[in-house]
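Per chain, numbering begins at 1; letters A, B, ... match sequence-line order. All of these numbers come straight from a predicted model, not from anything done at the bench.
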Amino acid sequence: EPEVTQTPSHQVTQMGQEVILRCVPISNHLYFYWYRQILGQKVEFLVSFYNNEISEKSEIFDDQFSVERPDGSNFTLKIRSTKLEDSAMYFCASSATETQYFGPGTRLLVL
Amino acid sequence: DQQVKQNSPSLSVQEGRISILNCDYTNSMFDYFLWYKKYPAEGPTFLISISSIKDKNEDGRFTVFLNKSAKHLSLHIVPSQPGDSAVYFCAATVYNQGGKLIFGQGTELSVKP
């Protein structure tokens, strides 16, 4: 069964550093998303992406964040200058219709 | 702005009995609802969904009920199994092909043998 994959599974970085989180969505899906979950809180929407552009973004998704689909398979989330409060699980999801399928997540720890 | 609420943070059920997880929403524009199951350190796994044109959808042991007038949905698991122990999230979206999901806070289900 096709699945969404994410790398790395864990990332530790120093505050102010740039990080790139990578995702490979399910191959025939056209809609891509990033969500995050801060420890103990709910899963929050960050951004959606369709047809090589951002469809929608949340208030969290400020100028420090960017997304890219650099080739036909990868979908990346870049955080330019990480802050302590960016520490969270980051989930990539993809969909062909309304049902979104999630990857296993990247645990980001900012020190 | 809690548009989707799961008021029970935890639920404990005996193996073989019914588990009922509840979810309330406030935004009447939501027209598609999903339930996800999540284990620690893993991503949410899709379980079952329902469109607002229906009031029930069934898939094996899992049934989702939607009461639009009450803005309430529930997930029934019958019979419950120890492997069902996980955190269950309900999520809602507006059908527009690529709409964001709004999640509830989750309910941790524990099924005891």
**Student:** Looking at Gly40(A), Gly103(A), Pro104(A), Ala93(A), which makes the most heavy-atom pairs under 4.5 Å with chain B?
**Tutor:**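 The candidate making the most pairs under 4.5 Å is Pro104(A).
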**Student:** Would you call the rings of Phe103(B) and Tyr36(B) parallel, tilted or perpendicular, where under 30° means parallel and over 60° means perpendicular?
**Tutor:**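 Because their plane-to-plane angle lies in the 30° to 60° range, the rings of Phe103(B) and Tyr36(B) count as tilted.
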**Student:** Taking side chain as everything from C-beta outward and backbone as N, CA, C, O, which of these in Leu34(B) sits under 4.5 Å from a heavy atom of chain A? Side chain, backbone, both or neither.
**Tutor:**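 Contact with chain A: side chain only.
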**Student:** Side chain, backbone, both or neither: which part of Gln37(A) has a heavy atom under 4.5 Å from chain B?
**Tutor:**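 For Gln37(A), the side chain is the part near chain B, not the backbone.
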**Student:** Do we see a donor-acceptor contact under 3.5 Å between the side chains of Asn67(B) and His72(B)?
**Tutor:**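 Per modelled atom types, Asn67(B) and His72(B) side chains form no pair under 3.5 Å.
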**Student:** Taking heavy atoms only and a threshold strictly under 4.5 Å, list by residue number the residues of residues 104-113 of chain B that touch chain A; give 'none' if the list is empty.
**Tutor:**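 Answer by number: Gly104(B), Gln105(B).
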**Student:** Using a distance-only test with no angle check, is there a side-chain donor-acceptor pair under 3.5 angstrom linking Ser49(B) and Tyr32(B)?
**Tutor:**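 Side chains of Ser49(B) and Tyr32(B): pair found under 3.5 Å.
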**Student:** Relative to each other, are the rings of Phe91(A) and Phe102(A) parallel, tilted or perpendicular (30° and 60° limits)?
**Tutor:**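 The rings of Phe91(A) and Phe102(A) stand perpendicular, inter-plane angle above 60°.
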**Student:** Measuring from atom CD1 of Ile79(A) to atom CG of Asp86(A), what distance do you get when rounded to the nearest 0.5 angstrom?
**Tutor:**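 Ile79(A) CD1 to Asp86(A) CG: 4.5 Å, rounded to 0.5 Å.
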**Student:** Given Phe62(B), which of Asp84(B), Val78(B), Asn57(B) fulfils the side chain to side chain contact (heavy atoms under 4.5 Å, CB included) condition?
**Tutor:**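 By the side chain to side chain contact (heavy atoms under 4.5 Å, CB included) criterion, Phe62(B) pairs with just one of Asp84(B), Val78(B), Asn57(B): Asp84(B).
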**Student:** Could you check whether the rings of Tyr90(A) and Phe65(A) sit parallel, tilted or perpendicular, using 30° and 60° as the cut-offs?
**Tutor:**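 Ring orientation, 0 to 90° scale: tilted.
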**Student:** Taking the inter-plane angle between the rings of Tyr33(A) and Tyr35(A) on a 0 to 90° scale, is it parallel (under 30°), tilted (30 to 60°) or perpendicular (over 60°)?
**Tutor:**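 Tyr33(A) vs Tyr35(A) ring planes: tilted.
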**Student:** Output the option from Phe45(A), Tyr101(A), Phe49(A) having the highest count of non-hydrogen pairs under 4.5 Å with chain B.
**Tutor:**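 Option with the top pair count is Phe45(A).
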